[in-house]
Amino acid sequence: MADVQTQEPRGPFAVALRAFRRDRLGLASLGVVLLFAVLALAAPLIAVLYGKNPTEHYGQNEPGLLSAEGLPVLPNGGMSGEFWFGLEPGLGRDVLTQLLYGIRTSLLVAVAAIVLIAVVGVVLGVTVGYLSGLADRAFTFVCNVLLAFPTLLLLLALSPVIQTRFVSPGENEPAWMQFTVLVLVFAAFGWVPLAMMLRTTVRSLREREFVDAARAVGASRRHIVLRELLPNVWAPVLVHITIALPGIVTAEAALSFLGVGISEPIPDWGRMIARGAEVFYDDPTYMFFPGVTILVFVVAFNLLGDCVRDALDPRTHR
Amino acid sequence: MTAHEKTGAPVLSVRDLTVSFTGPRGTVTAAEGVSFDLARGEVLGLVGESGSGKSTVGLAAMGLHDPARTTIRGTVEVGGTDVVGAGEARLKELRGGRIAMVFQDALASLSPFHAVGAQLAEAYRLHHKDAGRGEARARAVEMLERVGIAAARARDYPHQFSGGMRQRVMIAMALINHPDVLIADEPTTALDARVQRQVLDLLGELQREYGTAVVLVTHDVDMVAAATDRMLVMRHGRTVEQGSTHQLLTAATHPYTRALIGAAPSLETVPGTRLPTVDAPEPTARTNARVWGAVDEGKRTTLAEVSDLRVEFGGGRTLLGRRRPGTQAVRGVSLRVAEGETLGLVGESGSGKSTTARVLAGLQKPTGGTVRFDGRDITRAAEETALRRALSREVQLVFQDPYASLNPRRTVEEIVTTPLRVHTDLSRQERRDRAAELLEQVGLSTGHLPRYPHEFSGGQRQRIGIARALAPRPRLIIADEPVSALDVSVQAQVLNLLMDLRDDLGLSLLFVSHDLAVVRHLCDRVAVMHHGGIVETGSRDEVFDNPQEPYTKELLAARL
Amino acid sequence: MLTYLTRRGVQAVVVLFAISATAFALFYAAPSDPAAIACGPKCDATQIAAVRHSMGLDQPVLAQYADYLRGLVAGRTIRDVDGSAIACDAPCLGYSYALHEPVLSAITGRFPVTLSLAGGALAVIVVAGIGAGFVSALRRGSLGDRLLSGFTLIGASVQIYFLGYALQYLLVYSTGWLPLPGYTPPGEDLAAWAAGLLLPCLVLGFVNAAVFARLSRAQLLEVMHEGYVRTARGKGLGVLRTHLTYTARGAAAPIVQLLGLEVGALLGGAFITETVFGLSGVGKLAVDAVTQNDLPTVVGTVLIAAFFVVVFVAVADLVVAWLDPRVRPA
Amino acid sequence: SSGAGAQGDDAPSVSDEPNLTAGIGTAEDSAGPAPEVRGARRGGTIHVANLRDASHLDPQKIYAGEAYNTSLLWGRQLTQYQVVDGKAKLVGDLATDTGRPSDGSRTWTYTLKDGIAWEDGKPITSKHVKYGIERTFAPGFELGPPYWPQWLTGKQDLAQARKVYGGPKKDGDFKGIETPDDKTIVLHFKKPQSDVPFMAAQSSSSPVRPDKDTGTKYDLKPFATGPYRIVEHQQNQSMTLERNPHWKAETDPIRHQYADRFAFTFEKKELNTAQEILNGRGDGANTVTTKNELPPELYGEANRDPKKKRLVVDGRRGAFTYHLVIRNDRVADPEVRKAIHYLFPRQQARQALGGPRVGDIASTYSSPAIVGYEKYDAYPVAPTGDIKKAEEHLAKAEKPVKSLSYAYESTAANDRVAQVLVEAFAKAGITLVTKPMPLPAYTNEVARNADPKYDLWMSGSSVDWPTPATGVPYRFDSRRDSLDNDPRYKNPAVDRELDRIARIGDATEKAKALVALEKDTIMKDVPLVPFLHQRVQQARGENVGGAFIHPIYGTISPAWLYLKKS
Ligand SMILES: Nc1ncnc2c1ncn2[C@@H]1O[C@H](COP(=O)(O)OP(=O)(O)OP(=O)(O)O)[C@@H](O)[C@H]1O
Ligand SMILES: Nc1ncnc2c1ncn2[C@@H]1O[C@H](COP(=O)(O)OP(=O)(O)OP(=O)(O)O)[C@@H](O)[C@H]1O
Ligand SMILES: [Mg+2]
Ligand SMILES: [Mg+2]
């Protein structure tokens with residue numbers, strides 16, 4: 001009988017954490033992700049220190065910055081000591097602060113959506129996985145429908161409905177409503193893969209003897225779902241979340257690119273890229289910054305997702 | 001099997017073999033300084049508990065370790081070529097041609113995507129370059145028939161075969177090119193006694209016919225005794241002892257060897273005695289046989305009883321609403337367990353033992369028949385939560401796989417206190433105290449409470465499972481093959497524990513197993529199951545010493 | 001087998017039915033009026049009402065939906081703005097007043113573009129994506145593997161609209177190495193067709209290929225440790241042949257399934273790629289239809305997109321069953 | 001004008017833009033053939049690449065400058081604009097002159113020329129013209145201009161007018177139009193109509209031959225009277241025109257027949273088409289766009305590279321104007337409207353839209369392209385706005401203004417303009433609530449809504465022909481519905497004056513009176529804020545000659561085009 005080590009008991013997450021801490025790439029990507037989070041939180045502070053804000057039309061208000069056509073006069077998109085990343089063509093807003101505030105938009109939508117997705121996906125996936133039968137068939141049907149439905153089209157079609165049906169003419173569409181709609185729609189489609197994955201996981205977990213063991217000691221269904229099954233799905237849920245989050249950031253930007261994302265004047269990367277696409281022959285710099293920022297952000301997140309998965313994968317350690 | 005000829009230079013010569021794996025969690029040395037020679041026609045038994053490095057040595061001889069993650073030192077010579085340093089081209093010729101292997105898990109080792117005949121034919125063609133497809137197919141079919149598989153089944157896929165048949169396909173594939181050396185890695189685990197016997201006989205026959213030298217990897221001492229000339233005992237990657245089989249079996253010098261040999265009960269051991277383990281090779285307490293059968297059968301109070309139990313699985317309906325035929329897992333079983341009695345349920349795989357046990361535990365809904373516990377009708381326990389809850393106070397299960405039956409994401413404390421939460425209104429602290437007490441009872445310590453299952457060894461895990469079963473102070477414990485996933489030495493520990501608890505707490509026990517020796521060692525009464533029905537019931541001695549039914553006789557005869 | 005196929009067929013039809021109903025309901029909530037679109041910018045309310053009536057848009061939604069379904073199965077007659085009849089044969093997806101043509105013909109007219117784009121992208125996915133995954137898995141840990149993994153990570157993270165524009169700027173605009181992206185019917189000029197689609201296919205393919213490269217690498221690595229792969233090597237089979245005949249087959253199922261989904265999605269139109277490269281495919285048609293609130297076209301394109309997804313998911317299931325005898329339906 | 005934008009090298013030079021207005025030509029002017037375009041050659045195929053196919057080809061359904069312009073290739077009307085050196089003159093087209101009024105302009109008489117024929121060689125008769133005009137009454141033709149039914153029946157409400165007569169298929173012969181012989185057509189109006197010669201130039205005044213009227217299909221392939229005929233038209237894909245052998249140059253004072261063929265293609269992205277044209281790739285050198293405009297992406301580049309600049313054809317977008325409309329009944333206080341006028345940062349807004357190329361900053365309601373135009377500035381203000389003045393007016397307002405709502409069609413450019421307005425209004429302490437909507441929603445909620453709940457919106461609009469007759473009297477007559485009078489402007493004096501002017505029988509006189517009314521009364525009330533007189537840029541291939549922006553229709557007119565080499 002091998003003796004159990006005398007050190008602290010190590011839960012599966014503690015084990016994963018230790019594995020993760022040894023992963024230099026993982027730490028680096030986590031660093032980048034955290035940096036983005038910090039930048040998002042500190043955006044107003046940075047803006048104050050830097051002396052610019054994301055909404056003022058500097059280029060229009062100060063002569064000599066933009067040409068009559070609205071293009072930055074200085075080369076490289078108007079980059080200067082004053083405007084580090086240059087100016088937005090047309091309105092002449094500051095690119096750096098727009099980018100900074102853009103992180104907030106992306107992160108807010110993505111994080112809120114992912115939380116909803118996790119909740120809905122876990123509840124539905126685990127429950128259906130455990131119940132099977134009619135619930136399972138209904139679930140599979142709904143999933144099939146949602147999978148085959150072109151999400152992007154739906155979002156495109158939905159935005160005017162909301163703007164005209166739910167907002168009174170005398171007021172701006174409140175920012176929270178824009179965010180809520182986006183988040184809801186992302187969540188409405190985003191839970192499907194997670195729930196389907198969890199359903200499969202739980203179905204195989206259900207066959208594991210420990211579920212029988214719990215039933216054998218007289219545990220209720222609730223106990224089995226909440227205490228026996230749920231703790232076993234956190235790892236795949238965590239992995240799913242870290243991998244799905246950059247997908248939402250990307251999708252949000254894609255929507256703005258197609259013209260139905262978060263609207264002016266809330267800074268948004270996708271809209272910046274769309275504007276960049278419009279002027280990219282004249283001012284490629286303007287597309288470069290949001291394009292590269294979002295790329296770095298998503299790469300870091302995907303990398304983090306990979307590393308979290310590796311760390312949680314029982315096969316790579318134990 | 002005994003070799004007819006053991007002369008000339010060794011066909012396999014292993015010298016100072018050290019194998020270590022590098023992984024993300026550092027380096028594991030799985031074999032260290034292993035040396036042995038194998039002469040033509042000789043059979044070497046490679047014995048040792050799980051994880052002792054047996055398969056590692058076998059794979060090293062084949063040169064099949066992943067070079068990126070494995071460091072191999074020493075030499076492994078096959079017919080004059082050192083496998084350790086050889087290039088891929090040379091290895092391709094050796095593998096399957098001069099040295100072949102029957103891998104441990106036959107189901108996983110056959111490609112699920114190709115028909116078995118094709119897999120065999122491919123093996124033949126790889127070493128007979130000028131053989132045509134037709135010839136290879138003919139050889140494959142021939143070889144399949146040789147191992148007792150009808151030619152017509154050559155087109156079938158592995159999943160359509162039973163475990164024993166798959167194992168035979170593996171053997172046919174390994175021998176199709178008449179290799180000099182065959183490494184048979186636990187070729188009979190997961191097979192029931194009868195099939196085990198058939199497979200071993202076949203292997204011996206072929207080995208004699210082709211003069212193949214065999215390394216027989218196993219942790220089953222009985223099998224070594226029956227089939228090998230020499231044996232090599234491994235532990236923690238090192239050689240413990242090496243010598244002729246006869247000599248080691250009768251007069252092993254190393255205590256570990258002795259413990260290993262003694263740990264498995266045989267049909268000759270005295271029932272109910274404490275078994276030797278690696279930690280306690282010379283057991284002291286309770287050396288006498290359990291005497292239980294003295295009281296008259298009829299006078300005992302019946303605790304649990306099933307009568308005319310029927311269980312049918314599956315079926316369901318087709319698209320058009322037609323019923324599909326289901327599996328008749330249990331067809332009219334009647335059984336009873338008396339207060340304080342240990343009933344053994346034996347039978348080959350798939351005979352319906354587990355299903356019966358699960359019905360009794362309220363986990364499986366029967367299709368027919370009645371189930372009673374302590375006089376109460378509990379037939380509907382699987383559907384009625386309240387009934388099952390009431391039942392689970394008194395009947396508890398110990399499962400076969402100690403790892404699968406413990407939730408990996410819950411601590412030992414949570415696992416052991418779950419029944420207490422369900423059945424008592426003890427406070428958190430009281431539950432913890434009781435859990436600590438239970439752990440002590442099964443030979444673990446309070447310090448283990450906050451740990452997770454993966455931090456324990458197999459034997460310890462099974463003890464946790466037993467502690468959980470004991471928690472609500474049940475009157476009947478159903479143990480469904482609680483030791484078949486364990487090593488012999490660990491098996492001995494768990495059996496000892498069960499016997500101790502039975503004596504201390506006066507538990508009744510339904511003990512399900514396919515291992516006749518274990519059942520004989522532990523049980524007072526035995527029921528033999530076959531094809532979903534009970535063929536014979538009787539006291540231990542009646543059944544083992546004087547079996548009535550042909551099936552029981554066959555089963556006993558199959559023991560090695 | 002036959003029952004299996006029937007069951008899949010029935011399932012697919014039910015899913016498509018649900019999608020058409022959802023799409024219909026959803027776009028009916030939209031705040032604008034197809035009659036207004038048909039009538040033109042200078043119509044006043046009474047004129048629009050007249051047009052609405054002559055087009056049958058003043059009937060209850062359910063009746064209109066029933067009409068739609070009938071048209072889908074049996075064809076129907078649609079009334080133009082002036083009340084004159086337009087015959088629309090089954091499968092009738094309705095008539096687009098914004099495009100002045102039947103929706104089906106609008107879709108089939110643009111389908112060659114989408115098909116070419118999807119085909120090219122698919123070639124990239126299969127050759128570069130799955131190929132890269134294979135090479136990466138075989139040479140795991142090597143420099144090549146790490147480079148490929150980095151490359152696919154970027155591919156999986158980059159935005160088509162960023163990459164598309166950046167490459168257009170570099171390869172078309174600045175250097176002139178590649179011709180302008182665009183669609184020329186292959187029957188007209190094969191070389192121009194290929195040249196015009198090269199960049200869009202590469203970009204769309206690359207981004208999707210990255211996902212496949214990652215998936216196939218992970219799958220292959222997983223299967224490589226399966227017992228039967230070891231058995232194959234134990235027989236004396238070479239590394240490459242083992243992986244091609246055994247590992248690849250074992251790894252195929254999830255890749256094939258994802259591929260099915262992907263083919264379906266690609267054939268339904270690549271909205272963003274078509275927008276970025278200015279290709280008038282089904283995706284662009286759908287996006288334009290949504291922005292113009294061209295209801296029949298929207299529902300039609302949604303249905304077509306869903307149709308392809310449903311069909312190819314089913315096809316993928318069949319392929320998986322064919323690949324793996326264990327899941328073959330009896 | 002700012003002079004931004006470029007002219008085709010061989011296009012007629014536009015010397016004096018404010019005098020673009022169409023004069024009315026004489027009978028001599030109306031005789032063919034059209035004055036040759038300098039340097040023109042015959043032969044070759046001209047490619048026309050547009051993203052969108054025309055929404056209508058049926059002459060009575062066409063109602064957009066660009067479509068009028070293109071349809072000149074195959075369709076002829078009673079009158080049409082002859083353009084020489086960029087100057088337009090209204091002349092008789094099928095008719096021998098621009099029309100002869102009598103009975104105080106209640107009756108107009110046209111005489112058809114000799115030698116005019118359909119594409120199958122049969123002569124065009126007055127019956128055909130009559131039939132064409134009658135079609136405008138029929139259901140399904142709501143799409144076209146409403147004037148013939150309104151004028152001929154004297155009913156302002158189109159629905160009423162159509163009750164009087166419901167089109168040739170339903171009600172047969174219409175009594176208000178007489179055709180005493182095959183050459184003469186007499187139109188009888190209920191009230192004096194001064195602008196008949198201009199209306200006679202609209203596509204709805206094209207003849208249609210009853211035996212060729214294929215109903216809905218006629219919209220795809222009308223029967224030709226012009227220099228080209230449609231040989232093939234696949235909706236949204238392609239259209240091919242070939243020479244019409246029965247068209248005679250000597251009967252047509254407007255059109256030319258230089259190229260052998262016109263090949264229209266659709267659905268290619270504007271940017272790609274423009275790139276091909278500017279870089280001469282593929283068929284680019286022989287291609288023009290008649291509907292597509294030069295994409296903003298390429299504007300900077302075309303401006304930098306003189307070679308490309310030559311290929312960009314710039315001009316005024318007909319009589320199109322772009323205004324910030326104020327809903328007068330919601331913003332009833334003239335002081336607030338004046339404040340808005342001063343706040344509006346025209347220059348910044350134009351910069352956000354793309355700069356001077358999008359238009360010239362306007363101070364008048366009417367476009368300089370109309371007859372009788374006069375430049376004036378009711379309340380002069382710097383193009384960047386004048387916060388101080390605005391605040392002064394706000395201070396005079398009866399109630400302080402906290403917030404105004406601004407609806408617009410949500411496009412990226414409009415979003416930027418909205419932000420410009422938000423910033424400017426904020427400077428005067430007004431919160432501008434912005435309501436972006438996609439086009440269909442915008443049309444429904446704002447443009448078509450009898451009661452939109454918004455204070456401000458942008459409106460681009462044009463008169464139907466180059467006199468103010470379809471502008472001022474529609475937009476500022478309080479008795480008209482909100483579709484016409486979208487600012488909901490209400491001034492009884494103006495209404496009275498409009499009634500007086502309506503009775504003037506001479507187009508030029510009437511135009512002068514209307515402009516005077518606009519200048520002296522209406523714009524003093526600031527019912528809307530003039531923003532831009534719009535401009536347009538289109539691209540033509542290196543090898544395409546004769547490209548200029550048609551002064552009336554505001555796009556490149558294919559009827560003047562030729563290929564330099566073929
Ligand atoms: N590929 C590998 N990577 C890392 N460790 C390994 C690997 N293969 C085996 N091991 C470790 O090496 C040790 C010996 O393993 P091996 O499979 O040889 O044992 P065994 O004696 O065959 O056991 P069993 O009877 O259970 O088959 C074990 O501790 C195992 O965990
Ligand atoms: N959930 C199930 N669905 C369908 N068939 C089942 C199910 N569980 C068991 N069976 C079938 O019922 C029969 C009896 O199974 P059971 O598990 O009781 O056998 P067993 O005697 O315990 O065998 P083993 O020794 O392999 O554990 C077998 O043929 C098995 O295939
Ligand atoms: Mg082993
Ligand atoms: Mg069992």
Side-chain angles (χ1 to χ4, degrees), chain A residues 54-61 63 65-72 88-93 156-165 167-174 178 256-266 268 270-284 287, chain D residues 2 4 271 275 295-304 345 347-358 384 403-407 410-420 422-424 426-427 431-442 444-446 449 451-455:
Chain A
T55 45
E56 203 172 322
H57 305 169
Y58 298 100
Q60 290 202 326
N61 297 340
L65 290 175
L66 294 185
S67 71
E69 286 78 30
L71 293 173
E88 175 190 353
L91 289 180
R93 293 182 288 205
L156 283 173
L158 215 58
S159 87
V161 181
I162 286 158
Q163 173 71 257
T164 45
R165 288 273 192 279
V167 187
S168 91
E171 53 189 278
N172 281 318
E173 182 183 6
Q178 299 184 27
S256 302
F257 176 80
L258 290 173
V260 291
I262 297 291
S263 60
E264 291 277 10
I266 304 164
D268 182 278
R271 211 179 44 237
M272 289 177 85
I273 292 179
R275 177 69 176 138
E278 225 169 78
V279 294
F280 86 117
Y281 292 109
D282 297 330
D283 181 7
M287 185 146 178
Chain D
S2 65
L271 185 62
Q275 291 263 34
E297 287 91 332
L298 293 180
Y299 192 76
E301 186 194 353
N303 228 6
R304 283 190 298 274
Q347 182 170 304
Q348 289 93 313
R350 186 175 71 167
Q351 194 175 37
L353 285 173
R357 70 187 163 89
V358 299
T384 48
S403 148
L404 291 169
S405 58
Y406 170 65
S410 63
T411 64
N414 288 349
D415 275 336
R416 293 195 292 274
V417 173
Q419 290 311 307
V420 168
V422 167
E423 201 189 50
K427 284 180 185 155
T431 312
L432 191 70
V433 172
T434 55
K435 305 296 286 184
M437 282 171 248
L439 181 60
Y442 179 78
N444 248 31
E445 296 283 312
V446 182
N449 195 340
D451 184 20
K453 300 275 187 289
Y454 308 100
D455 302 318

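In what follows, chains carry the letters A, B, and so on, assigned in the order in which the sequence lines appear, proteins first and then strands, with residues in each chain numbered from 1.
When the salt bridge (Lys or Arg N to Asp or Glu O under 4.0 Å) test is applied to A/Asp283, no partner is found at least two apart in sequence or on another chain.
The heavy-atom pair separating A/Pro265 from D/Gln419 by the smallest distance is CB-OE1, 3.1 Å.
The backbone N or O of D/Gln348 sits less than 3.5 Å from a side-chain atom of A/Gln60, completing a donor-acceptor pair.
For the set D/Leu271, D/Asp415, D/Val420, the entry with the most heavy-atom pairs within less than 4.5 Å of chain A is D/Val420. By number of non-hydrogen pairs under 4.5 angstrom with chain D, the leading residue of A/Gly92, A/Gly59, A/Ala68, A/Gly70 is A/Ala68. Considering only heavy-atom pairs separated by less than 4.5 Å from chain D, the leading option among A/Glu56, A/His57, A/Glu88 is A/His57. Interface check for chain A: of the options D/Glu301, D/Arg416, D/Gln347, D/Arg304, the most heavy-atom pairs under 4.5 Å are formed by D/Arg416.
Among residues 272-281 of chain A, the residues having any heavy atom closer than 4.5 Å to a heavy atom of chain D are, in sequence order, A/Arg275, A/Ala277, A/Glu278, A/Tyr281.
Contact annotation: the side chain of A/Glu264 never approaches that of D/Val422 to less than 4.5 Å [non-hydrogen atoms, C-beta and beyond].
Rounded to the nearest 0.5 angstrom, D/Glu423 CD and A/Thr55 OG1 are separated by 7.5 Å.
Both the backbone and the side chain of D/Ala352 come within contact range of chain A, each with at least one heavy atom under 4.5 Å from a heavy atom of that chain.
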